[in-house]
J.: 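My questions will all concern the structure given below.
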Amino acid sequence: MKYGPPPAASGRFNSAWAELATVGRDHRRGGYSRHVFDDADMQMREWFTAQAARRGLDTEVDRNGNIWAWWGTPGPGAVVTGSHLDSVPGGGAFDGPLGVVSSLLAIDELRVRGFAPAKPIALVCFAEEEGGRFGLPCLGSRLMTGMADPEHVRRLHDPDAISFADAARRVGFDPTTIGPDPDRVAMIGAFVELHVEQGRLLHAADPNAAVAVGTQITAHGRWRMTLTGEGNHAGTTRPADRHDPMIPAAAAILAARRTLSLYDGAVATIGRLEPVPGGTNVIASSVDAWMDVRYGAAADTAALVDEIVAAVREEAELEGCTLVVHRESLSDQVMFDPALTMDLASALKVPVIPTGAGHDAGILADRVPSTMLFVRNPTGISHAPGEHAETADCLAGIEALADALTELAR
Ligand code: GLV
Ligand code: MN
Ligand code: MN
């Protein structure tokens, strides 16, 4: 294995990790809940800004709420690394923060090595990557690249009916500024996002490797199905009189699961269900079911959704319910820049792997040469409190990121 733990970095890694360990703990769900502009997210942002300042990096928040820390003068050809600070509800510690902490420690490593970059290097924390609060994943990078409509984003609301615009104002961020940032995008010469692996493809590619370079991301999207029936009494309503939207919702869950065995490589998941009014002794009047589907390219994913929706509609009709489907997002398959990917894999002497998870690097890849570094995850568990990476592997990731930045910024 090329990468071993550099002892100098391990103290800094452990202390950064310890500082973040208490921020946004979710004692009900387990793990962490950090969502854009909430208290935990603001604490994470303050932590990053302070860490960057300690390193003499100039920080700024861009017009879309993404934080940038610059080593060198912002300008064309910038080599950018970073990730996100938010989490899914009850998420793990590593998804996002590992890439941010690694970006800071990679700068330390480059300075220890006496590296003088010929190009500006920027560290970035993208806002609301998970879409955990407002539903649209990669919100900050989509806005920056012009892939999300600012007016639509301002009107998105969280589960407490707070709009993006209001949430932004509450923390002193002006929501009228959001939108495409072509000058900033034009400055990026290359983007490399380090991330904990969210599966075990790295282990399959090379059981001895702690780090891999990413090649591609499967298409993925989110759909909200609103099923409406008739609210009624759980004890007194006869079977023939029931119009229970939970029945077609159950059919949706099973139809989603069925696609996994019907189509190789396809995944469809319903991870969020909100019956209204949500009483134990109440037949729901309506239910929202959010479905995450990923398969091949966007057209394959959409075709799969059509198939699932057809099954749900049939069940809804049998139950006397109606169905309205709303697409919240759809991201096409992404192939990371082949030259960048292959150059880094050969310079770092690590394997290459694809991923089924979405990332800001996938959004940026449409505009600038982008790729990813993945750090081994022994169980593959992610988006759950059990997500883990060994410290030695994280340190290997930091070294690999420092090497990648050296390659790109020399
Ligand atoms: C984000 O991690 C996603 O893949 O949904
Ligand atoms: Mn994630
Ligand atoms: Mn992530």
Side-chain angles (χ1 to χ4, degrees), residues 20 24 26 29 31-36 40-41 44 48 66 81-103 123-142 191-199 201 212 214 216-224 256 265-272 290-296 298 301 327-334 336 353-365 370-375 377 379-389 394 397 401:
L20 297 180
D26 189 325
R29 298 180 176 108
Y32 295 89
S33 290
R34 301 160 171 158
H35 304 309
V36 69
D41 185 57
M44 297 292 281
F48 173 78
N66 309 308
T81 185
S83 190
H84 60 97
L85 293 168
D86 64 308
S87 74
V88 296
F94 295 82
D95 179 354
L98 182 63
V100 172
V101 168
S102 299
S103 70
L123 315 186
V124 62
C125 304
F126 283 112
E128 177 88 331
E129 189 271 351
E130 300 288 5
R133 182 166 183 186
F134 294 102
L136 184 60
C138 301
L139 189 71
S141 56
R142 274 185 213 271
F191 179 59
V192 181
E193 177 173 0
L194 180 146
H195 206 279
V196 67
E197 205 207 340
Q198 299 174 285
L201 296 178
Q216 66 184 84
I217 299 178
T218 310
H220 54 103
R222 299 179 182 191
W223 287 261
R224 185 178 75 238
V267 284
T269 309
I270 292 181
R272 183 176 167 203
W290 281 263
M291 184 165 69
D292 177 308
V293 183
R294 309 180 187 217
Y295 182 40
T301 300
R327 190 179 83 191
E328 292 190 338
S329 67
L330 177 59
S331 303
D332 205 351
Q333 184 179 39
V334 168
F336 289 127
I353 55 167
T355 180
H359 299 284
D360 293 303
I363 301 295
L364 265 72
S370 302
T371 193
M372 296 189 70
L373 294 180
F374 290 113
V375 171
N377 174 340
T379 60
I381 288 176
S382 189
H383 283 188
E387 181 183 77
H388 182 69
C394 296
L401 181 59

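Atom set for the values below is all heavy atoms of this structure, side chains included, hydrogens, waters and symmetry mates excluded. Order of listing sets the numbers, starting from 1, for every ligand and every atom in it.
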J.: Step by step, work out the side-chain hydrogen bond (donor to acceptor under 3.5 Å, both in side chains) result for Thr269 and Arg294.
T.: CA-CA 9 Å; Thr269 309; Arg294 309 180 187 217; over 6 Å; no

J.: By number and element, which atoms of ligand 1 are closer than 4.0 Å to a non-hydrogen atom of His383?
T.: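 Reading through ligand 1 atom by atom, the close ones are 1 (C), 2 (O), 3 (C), 5 (O).
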
J.: At what distance is the nearest protein heavy atom to atom 1 (C) of ligand 1, and which residue and atom is it?
T.: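 It is Glu130 OE1, 3.2 Å.
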
J.: Just by modelled atom types, is the Val36 backbone N or O under 3.5 Å from a matching donor or acceptor in the Asp86 side chain?
T.: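 Such a contact is absent between Asp86 side chain and Val36 backbone.
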
J.: Under 4.0 Å from a heavy atom of Gly358: give me the atoms of ligand 1 that qualify, with their elements.
T.: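 Listed by number with element: 1 (C), 2 (O), 3 (C), 4 (O).
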
J.: Tell me, please, if His359 has any N/O/S atom, main chain or side chain, under 2.8 Å from the Mn ion (ligand 2)?
T.: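 For His359, the answer is no, given that no N, O or S atom comes within less than 2.8 Å of the Mn ion (ligand 2).
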
J.: I'd like to know if the side chain of Asn66 and the backbone of Ala127 have a donor-acceptor N/O pair within less than 3.5 Å.
T.: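 Confirmed, Asn66 side chain pairs with Ala127 backbone.
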
J.: Can you tell me if Arg294 contacts ligand 1 (heavy atom of the residue under 4.0 Å from the ligand)?
T.: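 Heavy atoms of Arg294 do come under 4.0 Å of ligand 1.
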
J.: Looking at every non-hydrogen atom in both residues, tell me the closest pair between Val375 and Ala389 and how far apart they are.
T.: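 Residues Val375 and Ala389, closest heavy atoms: CG1-CB, 4.3 Å.
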
J.: Suppose we only allow N, O or S atoms; which atom of Asp95 ends up nearest to the Mn ion (ligand 3)?
T.: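 For Asp95, the N, O or S atom at the smallest distance from the Mn ion (ligand 3) is OD1.
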
J.: What pair of heavy atoms forms the shortest contact from His84 to Phe126, and how long is it?
T.: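 That closest heavy-atom pairing would be CB-O, 3.5 Å.
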
J.: Taking Ile381's backbone N and O only, do any of them form a donor-acceptor pair with Asn377's side chain (distance below 3.5 Å, no angle check)?
T.: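 Yes, Asn377 side chain to Ile381 backbone: donor-acceptor pair under 3.5 Å.
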
J.: Under 2.8 Å from the Mn ion (ligand 3), can any N, O or S atom of Asp360 be found?
T.: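 Given the 2.8 Å cut-off, Asp360 does not count as a ligand of the Mn ion (ligand 3).
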
J.: From the Mn ion (ligand 2) out to just under 2.8 Å, does an N/O/S atom of Glu130 turn up?
T.: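 Given the 2.8 Å cut-off, Glu130 counts as a ligand of the Mn ion (ligand 2).
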
J.: Run His383 and Asp95 through side-chain hydrogen bond (donor to acceptor under 3.5 Å, both in side chains) and show every step you take.
T.: CA-CA 7 Å; His383 283 188; Asp95 179 354; 3.0 Å; yes

J.: With heavy-atom distances below 4.0 Å as the criterion, list the atoms of ligand 1 near Ala357.
T.: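 Ligand 1 atoms under the 4.0 Å threshold to Ala357: 4 (O).
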
